[in-house]
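Below: one structure, written as structure tokens.
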Number of protein chains: 2
Amino acid sequence: MQNPLVRKLDRYIHLSETDRHCLAEAVSPVRMVAARTDIIHEGDDPRAVNVILDGWACRYRQFANGRRQIVALLLPGDPCDPHVFLLDVMDHAIGAITPVALGQISGGALQTLTARSAGLDIAFHREALATAAVQREWTVSLGSRTGIERLAHLFCELHARLAAVGLADDTTCPMPITQNDLGDAMGQTSVHINRTLQELRGLGLITLRSRRLTIHDPAALARLGHFDPTYLHLTAEAGSAAARRA
Amino acid sequence: MQNPLVRKLDRYIHLSETDRHCLAEAVSPVRMVAARTDIIHEGDDPRAVNVILDGWACRYRQFANGRRQIVALLLPGDPCDPHVFLLDVMDHAIGAITPVALGQISGGALQTLTARSAGLDIAFHREALATAAVQREWTVSLGSRTGIERLAHLFCELHARLAAVGLADDTTCPMPITQNDLGDAMGQTSVHINRTLQELRGLGLITLRSRRLTIHDPAALARLGHFDPTYLHLTAEAGSAAARRA
DNA sequence: CGGGTGTTTGAGGGTTGTCAACTGTTGTGG
DNA sequence: CCACAACAGTTGACAACCCTCAAACACCCG
């Protein structure tokens with residue numbers, strides 16, 4: 001299995017064989033994190049980049065009253081740094097949803113990479129911009145989409161992001177997340193999530209079983225969720241096996 | 001009146017007199033934008049930074065059904081670049097709420113500044129991280145705060161951000177935004193915003209009149225909105241007149 | 001097989017949206 | 001200085017959406 005960070009960055013700008021090789025070399029596997037535990041890097045090199053190699057995680061805020069708001073879902077290939085070491089205080093936490101395998105690029109290696117390759121420099125920049133765009137899109141979802149639209153949009157986004165790192169095929173992708181977590185992400189209760197899922201199933205748009213999502217009618221689901229993949233800023237799959245077959 | 005960008009960055013890390021002077025020199029006033037028109041930079045230097053020198057603006061998404069979601073409010077001192085020129089397509093627009101005065105730092109000048117001064121380099125980095133934190137906080141607000149909590153939180157945030165650039169005193173700040181715009185930002189209708197404002201007034205927490213907000217009980221307002229200024233990552237006012245008086 | 005976790009269902013209530021009309025404020029031109 | 005238009009704020013009635021609480025059911029794993 002190819003390094004998901006390599007696959008991801010290759011979708012922001014086409015990377016040369018050399019770039020892909022150097023990037024993969026720079027990522028060293030670091031550690032496993034158990035599901036439902038926090039990912040913390042206290043004392044880490046603040047310039048290092050930690051990357052999710054396998055599993056799902058989330059950025060979240062926990063409230064005193066027990067409510068939790070997930071503000072971002074982190075998938076394989078996603079950097080998962082809080083960057084709080086440049087700032088003095090942590091304003092949110094990062095937790096593993098499933099067991100997570102973490103990798104790391106040291107600050108020095110990163111600087112070398114981006115200095116030597118303009119392509120990698122641009123790729124990392126675009127990744128940061130795309131991450132910000134995803135955050136804005138979540139703000140849009142929570143602010144102005146109904147429950148069913150939010151879920152439809154989320155499923156479209158996750159499918160597209162997973163497909164970008166080779167973890168989804170045309171109609172299915174992993175979805176190892178509980179209805180409770182979905183509620184914490186969409187700003188709703190798990191009870192309402194459950195009813196909305198039933199509605200989506202009733203419309204024949206999806207099935208969600210055994211931690212796996214199947215999208216029966218991608219176009220209809222995208223229409224329902226007002227999903228326009230533009231904001232993900234992904235280019236055509238250039239370095240992938242699929243593209244090479246073509 | 002001091003350059004608001006200088007004041008703002010000085011709140012992320014204390015800047016030397018030289019840094020402040022060089023930064024102010026690097027900002028050239030560019031143009032005025034009328035209220036309720038879009039701020040567009042097509043063809044601009046993608047590495048340049050456009051800054052709001054005066055007035056309020058917002059990032060927003062417009063939907064086909066007429067609904068609009070404001071995803072960020074931009075105040076004096078805030079960079080207002082969509083950064084879309086690194087990416088190919090614009091995923092949102094930036095519009096002036098009031099008449100806006102824009103300034104610009106060219107890409108070359110910016111590079112020179114951050115190369116010569118470690119302080120300015122860190123300041124720009126922290127600004128970007130703080131902006132991302134604000135975006136996350138909006139996601140939190142829309143996802144898990146009630147109407148009255150959202151407004152209370154927003155007023156606390158705006159007061160703090162305006163105070164950071166010297167545009168607010170202890171209890172009042174400008175608030176040149178309609179209830180319609182507040183609704184577009186908070187994911188609610190102007191009708192509901194109106195009722196929520198009456199509730200805040202009824203509790204004796206604020207008055208909002210003639211485009212000016214007065215906070216009668218800052219501590220109570222912060223408590224109601226679960227406002228914790230940590231996420232703004234502002235340090236104590238180091239270079240300000242108030243600090244120098246002390 | 002049993003316990004824990006996750007999902008599903010029901011009933012009732014609170015928050016917010018929609019629609020429509022009315023009032024107040026501001027700015028402009030006669 | 002007034003008349004007027006345009007915009008912003010306010011109010012009421014009703015409906016839709018979503019939450020809360022509580023319980024039952026299904027699944028997974030040791």
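Here the structure is a predicted model, which is why all the values come from computation and not from measurement. Reminder, nothing fancy here: chain letters follow the sequence lines and each chain counts from 1.
To the nearest angstrom, C1' of C/dT7 lies 12 Å from CG of A/L182. Going from atom CZ of A/R212 over to atom P of C/dG6 covers 20 Å, rounded to whole Å. The CD1-C1' distance, from B/I193 to D/dG9, rounds to 13 Å in whole Å. Atom CE of A/M175 is separated from atom C1' of C/dT7 by 17 Å (rounded to the nearest Å).
A/L74 is not listed as a side-chain neighbour of A/V100, based on a closest heavy-atom distance of 4.5 Å or more.
Considering every non-hydrogen atom in both A/G95 and A/D38, the closest pair reads CA-OD1, 3.8 Å.
A sub-4.0 Å separation between OP1 or OP2 of C/dT16 and a side-chain N or O of B/T189 is absent. Phosphate proximity of D/dG9 to B/R211: present, with a side-chain N or O under 4.0 Å from OP1 or OP2. Remark: B/Q179 is not in phosphate contact with D/dA8, judged by side-chain N or O atoms under 4.0 Å from OP1 or OP2. Taking 4.0 angstrom as the limit, A/N194 places a side-chain polar atom (N or O) nearer than this to OP1 or OP2 of C/dT8. Within the 4.0 Å cut-off from OP1 or OP2 of D/dT11, at least one side-chain nitrogen or oxygen of B/Q198 is found.
Using a 4.0 Å heavy-atom criterion, one finds that A/R201 contacts the sugar-phosphate atoms exclusively.
Relative to the side chain of A/V191, the nucleotides D/dC21, D/dG12, C/dG6 differ in distance, and D/dC21 lies closest. Nearest to the side-chain atoms of B/R36 among the listed nucleotides D/dC18, D/dA8, D/dG9 stands D/dA8.
Residue-to-nucleotide contacts include no donor-acceptor pair under 3.5 Å from the side chain of B/R195 to the base of D/dG9.
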